[in-house]
Amino acid sequence: MTPPPEIEKILFTEEQIQARIKDVGAEISEAYAGRELKLISVLKGSVFFLTALARAITIPVKIDFLAISSFSSNRAAPGVVRISKDLDESLEGEDVLLVEDIVDTGLTVRYLLHTLAGRQPNSLAVCTFLDKTPRRLVQAPVRFRCFEIPDRFVVGFGLDYNQLYRNLPYVAVMKL
Ligand code: 5GP
């Protein structure tokens, strides 16, 4: 597929992504062997990663979704987040894995972990597709990650720019 002109460069190809997700799926299956896992995906970006990851996990999984909205859409001043669509089911006694598309400042993950921990899960951990560690403002305990990335704005594989480019099968740096 020829990248659109707004794309500066491809960071991870479709093949690299599939191979890495397979490895992380195996890592998760081993870490939770003999148990059942609930994957929680944050709409909309992480849905693409969730469906690929779920297929790479070999233990039984359940899935549930939530949506959040940020009060600030300004990247330079990340705002407070709130849940705009809650999960359908309880987390009580479940082994829960929060599946994220990208951890940037860490503020979203910190908020979600705090909220979900209050629902009495048996365990709670984070798996992120991309980890933009250079921009971290707060500690965000990421247990599983596919790729670390530099401080660049990326799109594709679920990640958008004004709701576009989510369907690109690769991860690319935008010309901004
Ligand atoms: P946080 O800063 O709270 O860790 O991440 C907040 C959100 O910012 C992410 O869930 C994602 O929606 C968005 N975000 C951060 N970096 C990028 C990026 O490089 N590309 C895209 N498309 N979204 C990003």
Side-chain angles (χ1 to χ4, degrees), residues 1 3-14 16-18 20-21 24 28 38-54 63-87 91 96-119 124-176:
M1 195 197 282
E6 307 79 21
I7 294 303
E8 184 182 307
K9 64 170 175 183
I10 293 178
L11 269 190
F12 307 114
T13 65
E14 190 172 3
Q16 287 171 322
I17 292 170
Q18 296 311 336
R20 184 68 191 124
I21 292 177
V24 172
I28 292 170
K38 177 167 277 185
L39 303 177
I40 291 186
S41 164
V42 184
L43 298 168
K44 305 164 189 166
S46 69
V47 170
F48 291 73
F49 177 45
L50 172 97
T51 57
L53 182 68
I63 58 172
D64 205 348
F65 298 93
L66 57 77
I68 53 172
S69 48
S70 296
F71 289 116
S72 165
S73 55
N74 182 354
R75 261 186 95 219
V80 185
V81 278
R82 70 174 176 87
I83 292 180
S84 55
K85 181 233 170 281
D86 209 336
L87 299 169
L91 296 182
V96 176
L97 191 59
L98 177 62
V99 177
E100 273 284 9
D101 50 359
I102 186 164
V103 180
D104 183 18
T105 62
L107 287 166
T108 307
V109 157
R110 187 177 67 164
Y111 166 79
L112 288 173
L113 283 178
H114 177 75
T115 305
L116 300 177
R119 301 182 183 191
L124 179 59
V126 177
C127 175
T128 189
F129 176 52
L130 302 178
D131 196 348
K132 206 190 273 186
T133 43
R135 291 222 342 134
R136 201 69 99 248
L137 289 179
V138 296
Q139 249 197 333
V142 172
R143 177 147 181 218
F144 306 96
R145 75 168 60 78
C146 288
F147 301 103
E148 281 196 53
I149 63 164
D151 182 9
R152 299 299 308 275
F153 190 82
V154 296
V155 293
F157 209 77
L159 289 148
D160 75 307
Y161 177 66
N162 288 341
Q163 298 300 329
L164 288 170
Y165 311 108
R166 292 191 196 278
N167 61 324
L168 296 178
Y170 46 81
V171 171
V173 174
M174 277 288 292
K175 280 182 198 155
L176 284 182

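Treat the numbers as computed from the prediction; the structure is a model and nothing was measured. Atoms within a ligand are numbered from 1 in the order they appear, just like the ligands themselves.
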Next on the checklist: Would Cys127 and Arg143 count as a side chain to side chain contact (heavy atoms under 4.5 Å, CB included) here? Give the steps.
Outcome noted: CA-CA 6 Å; Cys127 175; Arg143 177 147 181 218; over 6 Å; no
Next on the checklist: Go through it in stages, so that I can follow the logic: the residues are Tyr161 and Glu6, the test is side-chain hydrogen bond (donor to acceptor under 3.5 Å, both in side chains), and I'd like the CA-CA distance, side-chain angles, deciding distance and then a yes or no.
Outcome noted: CA-CA 11 Å; Tyr161 177 66; Glu6 307 79 21; over 6 Å; no
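Residue Arg152 approaches ligand 1 through these ligand atoms, each under 4.0 Å from one of its heavy atoms: 19 (O). Each of the atoms 16 (N), 17 (C), 18 (C), 19 (O) of ligand 1 lies under 4.0 Å from some heavy atom of Lys132. Close approach of ligand 1 to Thr105 is summarised as follows: ligand atoms under 4.0 Å from at least one heavy atom of the residue are 1 (P), 2 (O), 3 (O), 4 (O). Listed by atom number, the atoms of ligand 1 under 4.0 Å from Asp160 heavy atoms are 21 (C), 22 (N).
Using 4.0 Å as the threshold, Arg135 has no heavy atom nearer than that to any atom of ligand 1. Look at Gly45 and you'll find every heavy atom at least 4.0 Å from all atoms of ligand 1. Residue contacts with ligand 1: Val109 is excluded, as none of its non-hydrogen atoms falls under 4.0 Å. Note on ligand 1: Phe153 sits in its first shell, one or more heavy atoms being nearer than 4.0 Å.
Residues Phe49 and Thr128 approach most closely at CE2-C, 3.8 Å, considering heavy atoms. Nearest approach of Val24 to Cys146, heavy atoms of both residues: CG2-SG, 3.8 Å.
The closest side-chain heavy-atom distance from Phe153 to Leu159 is not below 4.5 Å. Considering only heavy atoms from C-beta on, Val173 comes within 4.5 Å of Leu11 through its side chain.
Selection from Thr108, Asp101, Leu130 by nearest heavy atom to atom 10 (O) of ligand 1 gives Asp101.
Looking at Lys38, its side chain never comes within 3.5 Å of a backbone N or O of Asp64 through a donor-acceptor pair.
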